[in-house]
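Quick notes on the structure that follows.
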Amino acid sequence: MFRELPSPVALEDEVLQFWDEAGIFKKCLDASKGRPRFVFYEGPPTANGTPHNGHVLTRVIKDLLPRYKTMRGFHVDRKAGWDTHGLPVEIEVEKELGMRDAGAGNAREAVLAYGLDNFAEKCIQSVFKYTHEWETLTKRVGFWVDLDDAYVTYHRSYVESVWWALDQLHQRGLLYQGLKVVWWWPEGGTALSSGEVGEGYRDVFDPSVTVRFPLLDRPDVSVLAWTTTPWTLPSNTALAVNPKHTYAIARIPTGDDSAETILMAEALLPEGAEVLERMTGAELEGLRYSPPFRWAEPTGGEAHRIVCGAHVALDQTGVVHTAPAYGEDDHKLALEKGIGILQLVGPDGRVVATAPEWARGLQFKAADGPIMRDLKERGLLFKQEQIKHSYPFSPRSKDDPLMQLARPGWFIRTTAFKDEALANNAAVGWLPEHIRDGRFGDFLRNNVDWALSRERFWGTPLPIWTCGSCGARQSFPSVAALEAAGATGFAEGVDRHLQVHKPWIDRVTVPCAACSGTMSRVTEVIDCWFDSGCMPFAQFGFPHQGVEQFRESFPADFISEAVDQTRGWFYSLLMISTMLFDAETCAAHGLPFDAEARGLPRPYRNCVVLGHVCDMEGKKESKSSGNYTSPDLVLRGRMKMSVVADPALKPDELGMGKASVRSIDLGAKERLRLTVGELEAGGLHVTLKEGPSRGKERVALHPDTLAALGNPSTIWLHAPFEPPGADAFRWLFYAANAPWTNTRLSLRAIREGQREFHLRLGNVFSFFSIYANIAGFDPALHADRPSTQVLDRWIRSERDALIHTVTEQLDQYRIYEAARAISAFVDGLSNWYVRRSRDRFWGEGEDTLDALSTLFGVLLDVSKVIAPFVPFMAEAMYLRLGGPGLVGGAESVHMAAWPRPSAAPDLELGADMALIRELASLGLAARGQVGVRVRQPLRAAEVMLADASRAERLAALVPLLTDELNVREVHFGAEAARFVDFRVKPNYPNLGKRLGKEMKACAAALQSADPAAVRAGLLAGGYTVALDSGPVTLSEDDVLVEVQPKEGFRALGSASAVVALHAELDDDLREEGLARELVNRIASVRKELDLGYTDRIRVELRGGAAVLRSAERFGPRIRHDTLATTLDLQLDEGAPADLDGQPFALTVERA
RNA sequence: GGGGCAGUAGCUCAGCUGGUUAGAGCACACGCCUGAUAAGCGUGAGGUCGGGCGUUCAAGUCGCCCCUGCCCCA
């Protein structure tokens, strides 16, 4: 027996259980041991939040290729990983501990007070807070990944691998300590990564001031310089000009009849200025000026002179106020020119204590006002305005402005590897390709040294120890190396993973080899992107262990993450491997390194860059903006939301953000069901009401409604329909658009895809199982039965073509194209093969066996081809078809070998069938015009092909057309010529190349010629047109002949064919039509009686003479088509019902 | 402010290296079929291909400018 497919969720439950109980994933891995490897790297997610739809996208894309490659005969390890370090984790914990509540004070100090040991433990807990949710989702969407053997970035072996990498870099002099201007968050006491800074940009108003800087030697002349950060003016140590621009000393009128003398870029002088002297910027270099403030003397160099800098633009005054402590360009310039530094706002964001009393202790932004007032009082403020510009704030605390600040820190000299990184990038197979030269290439070309260190607590500690006495510095690649150097102070009794973290590792000291002093660790931890970038080797603990594993899985064949990882994981992976695995290191560890190809790419060969999952308004889904629905809604048909009261709602309304409502996108009559508990029955039916976004997963109800429910804080919402499930979810991401374009996610889109693919294929499967069961079809006896029947040959050929296409596309990582091919195939299978083959399945003879065998074989192959895409449905089909029991059958479809085409696709047959389908379509359209129902047979259809030579080849397919159109005959050619006109037009792609500018004239000449004459000429070997440049002879390839129906005929045409119908009816045809009508009525009654497919019936028919005549003549056919054992006829002109105007009545009973 | 991607039917999206009358699905309208049946199918209507300029015999496709959206960076 072939069992039918259950509903999606039941099917998925069943398959999950099967995989689980039979251990299929593990068997896949075991069975492929020793085969060539296809290497996949899992980019580690952070599990300190619940997974969302975007994670579903990455997980299903990541899942597809390993499944495919496994079936293709590769061994594909899939090691899961978790990213566990970093600021986001710390912030989460700080929030949890109330350190970020309003008025809680400095979080950094709170953490220190709480104790770093306690804090670290909290971080670990936080990181795995949602592990369960992640694992559930991962399983549910069918992402096969080894969660039991996951790598974890805080684990000791991982940390020690990262240490090894850092030690390598340190030994090669690529790790250095320097001052670096960073975006600094004073309240958090930390620098932020560029990503974090980017998140916090906001448009704000800031002062825009122009300040006078009198020249020391000519106090009457003031250099004018501009800034939007008055608070940096006390720390000014230089003014920068562009050496190439022209500057001028000029007199400008002031308000009260007097004038002043200024120095600025000539091109930017205000109107009415009188130029006194001109000079280039280069000539100004070295001029000294009086700074507006002298609160302290600069250190580390000269100060208060004009310097030249190429970064200075012709903007404002063309002179840039330079405070090296507070700007990246400024800092660079100061280093270059030997200018000193002043830092009068501290890392706490407050003006230092050595400042005058009026400024002392002010928060830096708050100092702007007093500083401007002071300048004004002293006549140094030339102009003061406000401008609107974008300025970064802390992404964690929206009111804290960030400041640029020169901080000591550790850097990796990545700039030394720019060329290598670019060469490496060039060798990567990017999808889409534009990432290589666009987004990623740009980023690499503009590379700056990697600011590695973080002055934080929960991260991989920088493995560098320095001597307190002599300042010697040493890095260590492992705990063992520390111990070998005589390190002491390791925390006993503490979790071994925690031993290598702050604060425990900070207590480890090493005797200095250079003097008798003691070395202790520097305080910093590192950027967690460095952690994840070490993943290719750190996942195995390489090189301290796992050497063989690493060697076998480097580089990766395939990785995939969302586009925001270009500067994240894609970069850290590529840069670290570029730096680390040079020829020497590769040789040392037995890694393949082809010097010619520079061993590139590493560490990944192919990268599929994913777009974002967006709401229906095209905005990236994010929790903070609340335009977000839980993956559970799609997977299980329900989701949990937090709920608040809103009196503006009606009692049966559910208030929800507009974007979420659009994404749920219910039909007009569909309402969500609301319950308090997850599994409750009943509940309330609510209408969704668009409203403002209420933030994280929040919805609102009328207070009374809420009270009636018992004022719960969370509720469950249930979809009013069968949940689409994981396969439908996956299919959307594969088939809706290319993976790198953004996907607008909505339930509606998922359900559409489901109808188009899953339901259609499910129907075909169901059709097969019904008739295979009736016929007692046994695959063991009848699979692979050859068939010469044309539909069988066609669908088998289409199947072969499909296998070919999907293989070719997936080999190029083109998932979308492959999915489309599958979709088109399923359409053909359902809407042509099954549709046109239906009655073949009803019999018992050879032809029925051919049909069943063909459909069986096709479905079995389809189950394999779709296995990487919709693993659940594929498995269910495969098992139900008895795949495991067939010769060479695997236990699971995912362990089966990828199907091979049984033969080269028959392209000619494919093209002919496509033409027949087009003719059927035209014929049906023509029937629509005739206005006679399809059940009524017509005499004949006349078909005129533009390419008449194809008619002969179509002969074998014509019966399909007569059946589909319900005509007795189809005629091609001569007779049909009465219905059509010919039309000729140039074949542009061909002729255009040949004729060039003559193209237009040629087109016109053809247009005005007699089409029939042109056609005749072409058939005779060539048609000549006269052009200005001389006669041109056109061959058949140069001209396209088309047909169109003549006016006044009931016929329809496309460019390639016209189909016309003989619409007139005679008694003979009417009689047959009546019989068909009878069959239809009897079938309806069968349906009403709910009879089984094989139940026999007895029919008694009373009716008028015409009805009886028809029933008598077509009796055998009627009995055959309705499974009637008897058909009793009785004349009754007064029968109540109406059959095409004839009286009739039916009595049907089970035989 | 810089860069990348995108803008095609009411909606969601295809459209290869420039070339015949720009396609599909959904929604809509009409109809059909029904031994896959609370499914299926057909037909129809619906588009200044964001706007402009240019290159070309020929532009949705190539180039430049502008507008809008998203993303990344500052």
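All heavy atoms count here, side chains included; hydrogens, waters and symmetry mates do not. This structure is a prediction, so every number in the text was calculated from the model and none was measured. Lettering of chains follows the sequences in order, A, B, ..., and the numbering in each one begins at 1.
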*Quick one: label A:L991 by what it contacts on the DNA or RNA (base, sugar-phosphate, nothing), any heavy atom closer than 4.0 Å.*
nothing

*Given B:rA14, B:rG25, B:rG42, the nucleotide with the shortest approach to the side chain of A:E756*: B:rG25

*Would you mind pulling out the nucleotide paired to B:rU61, Watson-Crick or G-U wobble, both distances under 3.5 Å?*
none

*Select one nucleotide: of B:rA36, B:rG42, B:rC72, the one nearest the side-chain heavy atoms of A:R567.*
B:rC72

*asked:* Any strand counts, and the cut-off is 3.5 Å on both contacts for Watson-Crick or G-U wobble. Which nucleotide pairs with B:rG47?
replied: none

*asked:* I want to check one thing: is the phosphate of B:rC33, taken as OP1 and OP2, less than 4.0 Å away from some side-chain N or O of A:R935?
replied: yes

*Go through the side-chain N and O atoms of A:N966 and A:R1076 and say whether any donor and acceptor fall under 3.5 Å apart.*
yes

*In whole Å, what is the span from the CD atom of A:E964 to the C1' atom of B:rG40?*
12 Å

*With P as the reference atom in both, quote the distance from B:rC11 to B:rC16 in angstrom, rounded to an integer.*
22 Å

_I need the CG-P distance between A:D437 and B:rC5, as an integer number of Å._
10 Å

*Calculate the interatomic distance between A:D827 atom CG and B:rG40 atom C1'; express it in whole Å.*
11 Å

*asked:* Main chain of A:E964, side chain of A:R835: is a donor-acceptor contact present, judged purely on distance under 3.5 Å?
replied: no

*What integer number of Å spans the P atoms of B:rG52 and B:rC70?*
24 Å

*Please work out if A:A749 contacts a base, only the sugar-phosphate, or nothing of the nucleic acid, heavy-atom cut-off 4.0 Å.*
nothing

_Length of the CG-P vector between A:L759 and B:rG40, whole Å_ = 7 Å

*In whole angstrom, what separates A:R439's CZ from B:rG2's P?*
17 Å

_Gap in Å between the two P atoms, one belonging to B:rG2 and one to B:rC65, rounded_ = 12 Å

*Should the ring pair A:F393 and A:Y391 be called parallel, tilted or perpendicular, given that the plane angle runs from 0 to 90° and is split at 30 and 60?*
perpendicular

*Among B:rG25, B:rG4, B:rC57, the nucleotide that comes nearest once only the side chain of A:H434 is considered*: B:rG4

*Measure from the side-chain heavy atoms of A:R835 and tell me the nearest of B:rC26, B:rC41, B:rG25.*
B:rC41

_If I take atom CD in residue A:E808 and atom P in nucleotide B:rC16, what distance separates them, rounded to the nearest angstrom?_
17 Å

_Complement of B:rU21, any strand, by Watson-Crick or G-U distances under 3.5 angstrom_ = none

*Just compare B:rA14, B:rC33, B:rC26 and give me whichever is closest to any side-chain atom of A:Y816.*
B:rA14

*Calculate, to the nearest 0.5 Å, the distance between atoms CH2 and CD1 belonging to A:W832 and A:I916 respectively.*
7.5 Å

*State which of B:rC41, B:rC33, B:rC26 makes the closest approach to the side chain of A:R838.*
B:rC33

*asked:* Roughly how many Å apart are B:rG51 and B:rC57, using the P atom of each and rounding to a whole number?
replied: 25 Å

*When the C1' atoms of B:rA6 and B:rC49 are considered, how many whole Å apart are they?*
14 Å

_Closest nucleotide among B:rA36, B:rC33, B:rC72 to the A:V934 side chain_ = B:rC33

*asked:* Taking the nucleotide of RNA chain B with the nearest heavy atom to each, does A:G438 or A:D564 sit closer to the 5' end?
replied: A:G438

*asked:* Using atom C1' in both nucleotides, what's the gap between B:rU61 and B:rU8 to the nearest angstrom?
replied: 12 Å

*asked:* What is the distance, to the nearest angstrom, from the OH atom on A:Y988 to the P atom on B:rG18?
replied: 18 Å

*Write down the atom of A:F765, the atom of A:R3, and the distance for their closest heavy-atom approach.*
CE2-O, 3.4 Å

*asked:* Partner lookup for B:rU55, please. Criteria are Watson-Crick or G-U wobble with both distances under 3.5 angstrom; report none if nothing qualifies.
replied: none

*Closest nucleotide of RNA chain B for A:A738 versus for A:D1121: which of these residues is on the 5' side?*
A:A738

_Side-chain N or O of A:R744 versus OP1/OP2 of B:rU12: is the shortest distance under 4.0 Å?_
yes

*Measure from the side-chain heavy atoms of A:N737 and tell me the nearest of B:rA36, B:rC26, B:rA14.*
B:rA14

*Consider the side chain of A:S921, meaning its heavy atoms from C-beta on, and name the nucleotide among B:rC71, B:rG25, B:rG42 that approaches it most closely.*
B:rG42

*Would you check if the side chain of A:N742 reaches a backbone N or O of A:H612 as a donor-acceptor pair within less than 3.5 Å?*
yes

*Nearest 0.5 Å, what's the CZ-CG distance between A:R994 and A:L1034?*
6.0 Å

*B:rG60 to B:rC66 separation - P atoms, rounded to the nearest Å*: 22 Å

*A:N53 side chain reached by A:L57 side chain, heavy atoms, under 4.5 Å*: no

_Using OP1 and OP2 only, check whether a side-chain N or O of A:N742 sits under 4.0 Å from B:rC70._
no

*Write down the partner of B:rC41 under the Watson-Crick or G-U wobble criteria, each distance required to be under 3.5 Å.*
B:rG31

*Rounded distance in Å between the P positions of B:rU43 and B:rG23*: 14 Å

_Need one value for A:A1001: base, sugar-phosphate or nothing, where a base atom within 4.0 Å counts as base even if backbone is also close, heavy atoms only._
nothing

*asked:* With a 4.0 Å limit, can you tell me whether A:R760 has a side-chain N or O closer than that to the phosphate oxygens OP1/OP2 of B:rC41?
replied: yes

*Any side-chain N or O of A:K985 less than 4.0 Å from the OP1 or OP2 oxygen of B:rG19?*
no

*asked:* Using whole Å, what does the distance between atom P of nucleotide B:rA36 and atom CG of A:L829 come to?
replied: 15 Å

_Between A:Y571 and A:N447: side-chain donor-acceptor atoms closer than 3.5 Å_ = yes

*asked:* Given B:rG4, B:rC71, B:rA36, identify the nucleotide with an atom nearest to the side chain of A:H612.
replied: B:rC71

*asked:* Strictly by Watson-Crick or wobble contacts shorter than 3.5 Å, is anything paired with B:rA9, and which nucleotide is it?
replied: none

*For the side chain of A:S830 and the base of B:rA36, is some donor closer than 3.5 Å to an acceptor across the two?*
yes

